[in-house]
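Please read the structure below before turning to the comments.
Computation of the quantities below employed the complete heavy-atom set of this structure, encompassing side-chain atoms and omitting hydrogens, waters and symmetry-equivalent molecules. All figures in this text were calculated on a predicted structure; none of them were measured in a lab.
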Amino acid sequence: MSFELPPLEELLANSHVVRLPMRVRFRGVTQREALLINGPAGWGEFSAFTEYKPAEAARWLAAGIEAAYQPFPEPLRTSIPVNATLPAVDAKDVGAVLERYDAPHTIKIKVAEKGQDLAQDLARVAETRRLYPQAALRVDANMGWDINQAVPALKALSQYQLQYAEQPVPGITGLAEVREQLRNAGNPLKIAADEAVRKHTDPLEVSRLGAADLMIIKAQPLGGIDAVLEIAKQAELDVVVSSALDTSVGLAQAAALASALPQLPYACGLSTATLFANDICAQPLLATAGYLPVRRVEPDHQKLETLRPREDRVQWWMKRLENCYTELTRG
């Protein structure tokens, strides 16, 4: 962390917990909880998924504190190209979900959902390609396959001219094996590393081992903008900035990160505010014609009250903030 931690008491006094309803289930989530921090530079977000232990979640807290206490870097661009995100819905529902996005030029499609099969994945991708013949398509398996499942699945999905496949299997060595098997079979599909970057103690190992063609980088899981810019600088791979299912507060930080990268060859995964049935801002951070503006956001104070969860959940997040803060002080 490149700045001094503010006092814990100050963070607790200026934190607000919210629960946002989702339009559709996404990553198993129907209600997204987050802790928002009001600081001297603006608002920051701490929304590590609830199953994450303090050692991992502490990086998310560092990112939230950075956003609240440090100015965003000087932007190199004022808007960010973004992809629409399609959850693992039935093929018949693809059109209705994607209609919520304004003229998407790039679409990320969730596959390998627990309880579903490859036929459902193929139907979902095929319907997306039918409805959006000119769009760039990418798939995200969130580590849902093993190597023996991933290779034939990606070969079958490749018929729909995919831009890349994101984290088809767990781990770095697994990614490297899938990539090698595809290349040996003459399949040029690019492989993107997500969890292998953000959940690993050494995010740059993906690059060193040649396990992927590009890296998915996220501001919260990797500790904030400064930390991610350094990772992107050292990695000899193209990078894609993505959301960790952030509220508009977290998306503003992620957009600021994307705006500060020297190169931005791919659309970013920062249009996820569309997945919320409600957000904490009167004007949520939404894309227009596939582009997201780079700007700070200000939560609506009435929404902070109406979206506040039960008191036991508020106290759970406050205690989590304390535990993660302790981890940061040890670091």
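A donor-acceptor pair shorter than 3.5 Å cannot be found between the side chains of Tyr160 and Arg129. Side chain to side chain, Tyr132 and Glu127 fail the donor-acceptor criterion of an N or O pair below 3.5 Å. Side chains of Gln263 and Asp238: a donor-acceptor N/O pair is absent below 3.5 angstrom, by distance only. The closest side-chain donor-acceptor pair between Glu45 and Thr247 falls under 3.5 angstrom. Under 3.5 Å, the side chains of Asn187 and Ser158 contain a donor-acceptor pair of N or O atoms. Side-chain contact annotation: Asp246 with Gln220, donor-acceptor N/O pair under 3.5 Å present.
Between Tyr291 and His105, the ring planes lie tilted relative to each other; the angle falls in the 30° to 60° range.
In this structure, Ile107 and Asn83 have side chains that are not in contact, with every pair of non-hydrogen atoms separated by 4.5 Å or more.
Taking CD of Glu113 as the reference point, atom CZ of Arg124 lies at 7.5 Å (rounded to 0.5 Å). Atoms CD and CG, on Gln149 and Leu118 in that order, are 9.5 Å from each other to the nearest 0.5 Å. Note: Glu9 CD to Asn14 CG = 11.5 Å, rounded to the nearest 0.5 Å. Atom CD of Gln302 sits about 10.0 Å away from atom CG of Leu307, to the nearest 0.5 Å. A distance of 11.0 Å separates CD of Gln163 from CD of Glu166, quoted to the nearest 0.5 Å. Here the OG1-CZ distance, from Thr30 to Arg25, works out to 5.5 Å after rounding to the nearest 0.5 Å.
Taking the six-membered ring for Trp and the full ring otherwise, the centers of Trp43 and His16 sit less than 6.0 Å from each other.
Hydrophobic clustering places Phe276 together with Val297 (ILVMFWY residues linked when any side-chain heavy atoms are closer than 4.5 Å, directly or through intermediates). In the hydrophobic cluster analysis, where Ile, Leu, Val, Met, Phe, Trp and Tyr join through side-chain heavy atoms closer than 4.5 angstrom, Leu35 is grouped together with Leu8.
Of the possible polar contacts, one joining the Asp140 side chain to the Asn142 backbone as a donor-acceptor pair under 3.5 Å is found. Using a distance-only test at 3.5 Å, with no hydrogens or angles considered, no donor-acceptor pair links the side chain of Ser207 to the main chain of Leu204. Counting only distance, with no hydrogens or angles, the side chain of Asp102 and the backbone of Ala289 share a donor-acceptor pair below 3.5 Å. No donor-acceptor pair closer than 3.5 Å links the side chain of Arg32 to the backbone N or O of Met22. Looking at Gln159, its side chain does come within 3.5 Å of a backbone N or O of Ala156 through a donor-acceptor pair. Remark: the backbone N or O of Arg296 is not paired with any side-chain donor or acceptor of Glu298 at under 3.5 angstrom.
The local environment of CD in Glu74 is sparse, with at most 12 non-hydrogen atoms from other residues, nucleotides or ligands closer than 6.0 Å. Other residues, nucleotides and ligands contribute only 12 or fewer heavy atoms inside 6.0 Å of the CD atom of Glu236. For CD of Gln31, the number of neighbouring non-hydrogen atoms (other residues, nucleotides, ligands) closer than 6.0 Å is greater than 12.
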With a 3.5 Å cut-off and sequence neighbours excluded, list the donor-acceptor pairs that the side chains of residues 265-274 form with protein atoms.
unit_1 : atom_1 : unit_2 : atom_2 : d
Tyr266 : OH     : Lys190 : NZ     : 3.0
Thr272 : OG1    : Ser243 : OG     : 3.0
Thr274 : OG1    : Ser271 : O      : 3.3

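A salt bridge links Arg179 and Asp213; the closest N-O separation between the charged side-chain nitrogens and carboxylate oxygens is under 4.0 Å. Salt bridge annotation for Lys218-Asp194: present, with a cationic side-chain nitrogen under 4.0 angstrom from a carboxylate oxygen. A salt bridge links Glu327 and Arg330; the closest N-O separation between the charged side-chain nitrogens and carboxylate oxygens is under 4.0 Å.
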